[in-house]
Amino acid sequence: MPDLRRQVLESGKTISRKAASREGSRRNSHANSAQNSHQSSRNASRHPSDEEDAGNLSDDTALSIGSLDDLTDNPEVDNNNWTQELGDVIQDILDRKRSSVLSREECYGAFCRLLKCHYAEEHIRNHVNDLLVAFCRSVKFESSVREATLALRALELLVITAFDNTIYENVEPVLTRTIRDSTSNPVKAAALHCLSACTIFGGAGEDGILDQMTFFLDIAASDGQSIDAADDPSSVTAALQEWGVLAVEIEDLEGESEDAIQIFMDQLNSSESSVQIAAGENIALLYEKSYTPQEDEDDEVSEDDLEDEALSDRQGPRLIKRYDAYHNTHELELQLQSLATVHSKRISKKDKKSLHSNFASILTTIENPRRGPMYNTAIDQDTNRHYGSKLTVKIGRQGVMNIDRWWKWIRLNSLRRILQGGFAVHYYQGNRAVLDSLPVMVRQSTPADRGTAKRTAKSRNSRRWAVHGQSDEDY
């Protein structure tokens, strides 16, 4: 198995102390000509920073199953006077009369960096409405692609930090109009992601969530044509990914499941792996949602259900099938199997590996919806059944999260896309939006814990997890 820790945060970049210092000094510099020269002559082989890349913003490919093993602490950054810097940035953003496109881009980039690296709810609390007006104005007028995409990123970080239930109603019209009318596909994709974040964390409620799910599904079904982004993979991928994020919030999707899966099956034929994977994850989520925990009034469980449950190796409540997620599971399995074993020479080696790992896990869930995401999936040659290790994610130095359900995986990817290298900071510092979205972490054993364990039970492996109420073998 490859070293998964080397792949950590491959699509979400963290900020080094040097880079943070350089960004802060650049923001305070008045040499705009030098900044323009830097941007236009940047070496294409160098990976740009989050703020530099925002002018060409398109969402990263969906994470491969097993590619995420570690969400580390944000690298040490210069924390001196960051609150003062944030205050200065906010004042610069609100002082639009004296600003230019370049200065607004600079301020939005600094705002994104600071809110990503720090949980700053108390520092922005009194400025939320004014910041919303500023960001929406930049999105509405779209003076430059870079300004608009940075404003959308800033709005995402604002809503996930402020956790204000009035944000959705104030920004939804602007974001929907941008998705439909913008002439830039990267802006459309960024606005799709932003609309989803505002829907979840900005107080949309279930009716608002269902409305946006219908909107996103129409985009996917039309291959982007419904928003004048025909065959644009970034927009279609964003719509598919955010449909899944919103679908996690809805308890009962029986009425939507059949039609949605048919649309997602059509997208499995896309030439873009990001579109295929996002569609496949949504299918797995819908099959997972067709099973719910057994309740006291339920009938006796059938022998088939007991056998399936035994094969799933699940810990926790017994799951009972409530309805058929799709009328022709066999047809779907054949299509997923072809993607799990695709060997076309027209597909890059990286995409092929991603398709194999993702769709092997997705197929496993379709065959038995009690199984969630797994990495290192394989097939037992004697029984022809899939098996694999459960996915665990290391957060920071001591936190471990068990991602045993598709809804957890989809939410984690969404939060990671928004917060990137600041995910662990927001988790540990108590960001309510993050804590309410994911299960509680368990604690990784420290050297002192391991020393105690060795004295009391010599057979214990020093790498096992100290998990409350669980056996070490589960992880």
Side-chain angles (χ1 to χ4, degrees), residues 11-12 39-40 42 44 47-63 101 104-105 108-109 112 135-157 171-199 212-246 263-264 266-279 282 348 351 413-414 417-418 420:
S11 62
Q39 290 175 347
S40 62
R42 188 181 68 207
H47 291 294
S49 71
D50 300 319
E51 286 73 36
E52 289 173 335
D53 195 47
N56 297 303
L57 188 63
S58 62
D59 194 61
D60 296 310
T61 300
L63 296 175
V101 172
R104 288 194 296 272
E105 292 174 357
Y108 293 166
C112 290
F135 297 149
C136 286
R137 186 179 297 154
S138 290
V139 173
K140 180 179 179 180
F141 289 105
E142 202 173 316
S143 300
S144 74
V145 171
R146 177 175 164 78
E147 180 184 346
T149 51
L150 279 170
L152 290 164
R153 280 283 296 131
L155 181 52
E156 277 187 300
L157 288 162
V171 304
E172 184 273 329
V174 173
L175 296 177
T176 300
R177 185 166 57 248
T178 298
I179 293 167
R180 294 189 183 278
D181 299 339
S182 175
T183 57
S184 167
N185 285 340
V187 170
K188 288 178 183 288
L192 284 164
H193 288 300
C194 186
L195 177 57
S196 175
C198 292
T199 301
Q212 298 308 333
M213 286 174 63
T214 300
F215 181 39
F216 294 158
L217 197 63
D218 288 343
I219 296 171
S222 66
D223 290 325
Q225 293 184 29
S226 65
I227 57 169
D228 292 327
D231 297 319
D232 173 48
S234 62
S235 296
V236 176
T237 299
L240 287 167
Q241 289 175 337
E242 300 306 336
W243 186 94
V245 174
L246 296 181
I263 291 171
F264 299 147
D266 292 340
Q267 291 301 326
L268 294 179
N269 297 319
S270 172
S271 60
E272 296 290 333
S273 62
S274 62
V275 172
Q276 293 172 300
I277 293 170
N282 287 344
S348 70
D351 285 347
N413 283 345
S414 175
R417 187 194 61 77
I418 296 172
Q420 300 174 351

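Hydrogens, waters and symmetry mates are skipped; everything else that's a heavy atom, side chains included, is used. Here the structure is a predicted model, which is why all the values come from computation and not from measurement.
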- request: To the nearest 0.5 angstrom, please state how far the CZ atom of F215 sits from the CG atom of L195.
  value: 7.0 Å
- prompt: At what distance, to the nearest 0.5 angstrom, does OG of S235 lie from NE2 of H193?
  reply: 9.0 Å
message: Looking at every non-hydrogen atom in both residues, tell me the closest pair between E147 and S143 and how far apart they are.
response: OE1-CB, 3.5 Å
message: Can you confirm whether V171 sits close enough to F135 that some side-chain heavy atom of one is under 4.5 Å from a side-chain heavy atom of the other?
response: no
- request: Pick out which of N269, L268, V236 makes a side chain to side chain contact (heavy atoms under 4.5 Å, CB included) with V275.
  value: V236
message: I want to check something: taking the side chain as every heavy atom from C-beta on, are T178 and K140 in contact at a cut-off of under 4.5 Å?
response: no
- prompt: Hey, are the side chains of F141 and V101 touching, using non-hydrogen atoms and a 4.5 Å cut-off?
  reply: no
- request: Return the minimal non-hydrogen interatomic distance between A278 and T237, and the atom names on each side.
  value: CB-O, 4.4 Å
query: Which residue pairs pass the salt bridge (Lys or Arg N to Asp or Glu O under 4.0 Å) test when at least one of the two sits in residues 233-242, sequence neighbours left out?
result: E242-R417
- request: Measure the spacing between OG of S274 and CD of Q241 and express it to the nearest 0.5 Å.
  value: 7.0 Å
field: Flag, side chain of S222 to backbone of I219, donor-acceptor distance under 3.5 Å
entry: yes
message: With rounding to the nearest 0.5 angstrom, report the CZ to OG distance, R177 to S182.
response: 12.0 Å
- request: Return the minimal non-hydrogen interatomic distance between G244 and N282, and the atom names on each side.
  value: CA-OD1, 3.2 Å
query: Checking R153 side chain against I418 main chain: does a donor-acceptor pair fall under 3.5 Å?
result: yes
task: Provide the closest heavy-atom pair for A220 versus Q267 in the form atom of the first, atom of the second, distance.
output: O-NE2, 2.7 Å
- line: Heavy-atom nearest pair, F216 first then L192, reads CE2-CD2, 3.5 Å
- prompt: Which heavy atom of P186 sits nearest a heavy atom of T149, and at what distance?
  reply: O-CG2, 4.2 Å
field: Check: A229 main-chain N/O paired with K188 side-chain donor or acceptor under 3.5 Å
entry: no
Check: Q212 side chain, T199 main-chain N or O, donor-acceptor pair, under 3.5 Å: no
- line: By ring pair (Phe, Tyr, Trp, His ring centres under 6.0 Å), F264 pairs with (sequence neighbours left out) W243
- prompt: Does any non-hydrogen side-chain atom of E142 lie less than 4.5 Å from one of T183?
  reply: yes
- line: salt bridge (Lys or Arg N to Asp or Glu O under 4.0 Å) pairs touching residues 217-240, sequence neighbours excluded, are none
task: To the nearest 0.5 Å, tell me how far S138 OG sits from L152 CG.
output: 9.5 Å
